[in-house]
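These notes concern the structure reproduced below.
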Amino acid sequence: MSVSELLLSEFDAEMKTTRTTLERVPFDKQGFAPHPKSMPLDKLAPHVAELAGFGLEILTTPELDFSTRPQSARPPFDSVGLLKAFDERAAKARAALKSIPDEGWTQPWKLSFQGKPIFSGSRFLAYREMFMNHLVHHRAQLGVYLRMNDKPLPATYGPSADDKMGF
């Protein structure tokens, strides 16, 4: 079994949980933030929706400098736009993931801003740390926002208080 095949079930599970979390965003709480230093909900939810596109970049390019990357429009803060943007990006990232040969995972990948390094390592580490862990981190933040607004949390790596998974 290839590395990509091993990663596909995890990718699918993380994308499913992320989509369920995005479906539960309270769109009437646009500026909500649990702390003054926290990103407001209308910035955090679109960021979570767009992160699969970052996974695509890691899987299809040797490097990315944020300062030279063409600016793309952030997904709109509404249910239809957010889910559409997420679904499109996740589908493209999944297709790219399926196509990476094992030797592609050991290739170097670099992230920078104006030439200043942010990350440098193998594509595998970039995929895990810069994409997958980054997505899970922000999805967990979004879970706090949901809880604080009395929205149900999806089961993630086991039951939640709102989704007992049959237990």
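Shown here for P40 and A33, the closest heavy-atom pair between the two residues is CA-CB, 4.1 Å. Among all heavy-atom pairs drawn from A52 and A93, the shortest one is O-CB, 3.6 Å. Listed here is the closest heavy atom pair of G31 and D42: CA-OD1, 4.2 Å. Taking all atoms of both residues into account, the shortest heavy-atom contact from P159 to A155 is CA-CB, 4.2 Å. Closest approach of F77 to V25, counting heavy atoms only: CE1-CG1, 3.9 Å. Between P75 and P46, the shortest heavy-atom distance links the atoms O-CB, 3.4 Å.
The list of side chain to side chain donor-acceptor pair (under 3.5 Å) pairs with a residue in residues 1-12, not counting sequence neighbours, reads S2-E5, S4-W105, E10-R128, D12-R94.
One finds a salt bridge joining R74 and E50 here, because a Lys/Arg side-chain nitrogen approaches an Asp/Glu carboxylate oxygen to under 4.0 Å. Between E88 and K92, no side-chain nitrogen of the basic residue sits less than 4.0 Å from a carboxylate oxygen of the acidic one, so the salt-bridge criterion is not met.
Within the 4.5 Å cutoff, side-chain heavy atoms of L7 are placed close to those of Y127. Counting heavy atoms from C-beta outward, L51 and H47 have side chains that approach closer than 4.5 Å. Side-chain contact between F54 and L64: present, with at least one pair of heavy atoms (C-beta onward) separated by less than 4.5 Å. F124 has its side chain out of reach of I58: every pair of non-hydrogen atoms, C-beta onward, lies at least 4.5 Å apart. Residues L83 and E23 have side chains in contact (heavy-atom distance under 4.5 Å, counting atoms from C-beta outward). In this structure, W109 and T61 have side chains that are in contact, with non-hydrogen atoms separated by less than 4.5 Å. With a 4.5 Å cut-off on side-chain heavy atoms, F66 and Q114 do not count as touching.
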Go through L82 and F27 one step at a time and tell me if the side chain to side chain contact (heavy atoms under 4.5 Å, CB included) criterion holds.
CA-CA 11 Å; L82 217 58; F27 293 99; 3.8 Å; yes

Test log, rule side chain to side chain contact (heavy atoms under 4.5 Å, CB included), inputs M15 and F86:
CA-CA 9 Å; M15 295 309 117; F86 174 76; 3.8 Å; yes

Mind running side chain to side chain donor-acceptor pair (under 3.5 Å) on T18 and R139 for me, showing each step along the way?
CA-CA 7 Å; T18 301; R139 187 181 69 216; 3.0 Å; yes

Applying side chain to side chain contact (heavy atoms under 4.5 Å, CB included) to L111 and E63, what does each step give before you reach the verdict?
CA-CA 6 Å; L111 178 64; E63 66 181 280; over 6 Å; no

Could you go through the side chain to side chain contact (heavy atoms under 4.5 Å, CB included) check for L125 and F119 one step at a time?
CA-CA 9 Å; L125 284 179; F119 171 89; 3.9 Å; yes

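Note: the hydrophobic cluster containing M39 does not contain L146 (ILVMFWY, side chain heavy atoms under 4.5 Å, direct or indirect links). Cluster membership check: L59 shares its hydrophobic cluster with L8, using side-chain heavy-atom separations under 4.5 Å among Ile, Leu, Val, Met, Phe, Trp and Tyr. Cluster membership for F32 and L22, using ILVMFWY side-chain heavy atoms within less than 4.5 angstrom, is shared.
Panel note: side chain H134, backbone M130; a donor-acceptor pair is recorded below 3.5 Å. When atom types are taken as modelled, the side chain of S160 and the backbone of L153 share a donor-acceptor pair closer than 3.5 angstrom. Between the side chain of N149 and the backbone N or O of Y145 there is at least one donor-acceptor pair closer than 3.5 Å. Between the side chain of S99 and the backbone N or O of A96 there is at least one donor-acceptor pair closer than 3.5 Å. No donor-acceptor distance shorter than 3.5 angstrom exists from the side chain of R123 to the backbone of T106, with no hydrogens or angles considered.
Between D162 and the choices R24, R147, K151, the side chain to side chain donor-acceptor pair (under 3.5 Å) rule is met once, by R147.
Separation of atoms NZ (K29) and CG (D150) is listed at 8.5 Å; rounding is to 0.5 Å.
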